[in-house]
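All figures in this text were calculated on a predicted structure; none of them were measured in a lab.
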Amino acid sequence: ENQLKVLYFLYVQKRKFTNKNIISLATGIPLGTVKDAVIALKKKKFISQTKQTKEAAFTGFVYKLNMPLCKRIFPKEKVTSPGPEAAGLVTQI
C-alpha cells in the first residue's frame, strides 16, 4: 500500500522533480518507508531512472517513470486515486 501511494504521488506530479521529505509530507508515509518504497519501485521497474540534483536551495531527485507499467496501475487518463485492486498489481510485478 505504501509503494502504491508513493507511485501515485510520483505519477500525478507535473514536474518530475521532488525529494523524499516532500513525498513523506504529501502522503503521510514516514520518511524511512518512503525511501524503502522508492527503492522497491525502482527494483520493480516502475521508476526507470532517478538522478540526484539541486535546484536553487532545493535538493532532490529527478525521475522517470515506466509509463506503460504505471498505466496498468492507473489506467484512466484522468487519475483521481488508485483503487484497492491496484495494490495487488504493484506487489505482483
Quick one: which residue pairs count as a ring-ring contact (aromatic ring centres under 6.0 Å, His included) with a foot in residues 16-41, not counting sequence neighbours?
F17-F58

So the ring-ring contact (aromatic ring centres under 6.0 Å, His included) pairs with at least one residue in residues 18-42 (sequence neighbours excluded) are none

Taking I39 as the starting point, is it possible to reach L4 by hopping between hydrophobic residues whose side chains are less than 4.5 Å apart?
no

Please list every donor-acceptor pair under 3.5 Å in which a side-chain atom of residues 25-37 meets a protein atom from a residue at least two apart or in another chain.
| residue | atom | partner | partner atom | Å |
| --- | --- | --- | --- | --- |
| T27 | OG1 | I23 | O | 2.7 |
| T27 | OG1 | I29 | N | 3.3 |

Quick one, Q49 with V62, criterion side chain to side chain contact (heavy atoms under 4.5 Å, CB included). Give me CA distance, side-chain angles, the key distance, then yes/no.
CA-CA 8 Å; Q49 183 180 358; V62 291; over 6 Å; no

With a 4.5 Å cut-off on side-chain heavy atoms, are [Y] and [X] touching?
| X | Y | result |
| --- | --- | --- |
| F61 | T18 | yes |
| L65 | I47 | yes |
| F46 | R72 | no |
| I73 | L69 | no |

Where the side chain of N19 meets the backbone of T59, is there a donor-acceptor pair that is under 3.5 Å apart?
yes

Just grab all the salt bridge (charged side-chain N to carboxylate O under 4.0 Å, His left out) pairs involving residues 15-31, residues at least two apart or on different chains.
R15-E55

Sorted by chain and number, sequence neighbours left out, side chain to side chain contact (heavy atoms under 4.5 Å, CB included) with Q13 holds for F9, Y63

In chain order, what residues pass the side chain to side chain donor-acceptor pair (under 3.5 Å) check against T50, with sequence neighbours excluded?
K42

F74 and V12: CA distance, side-chain angles, deciding distance, side chain to side chain contact (heavy atoms under 4.5 Å, CB included) verdict
CA-CA 10 Å; F74 312 113; V12 298; over 6 Å; no

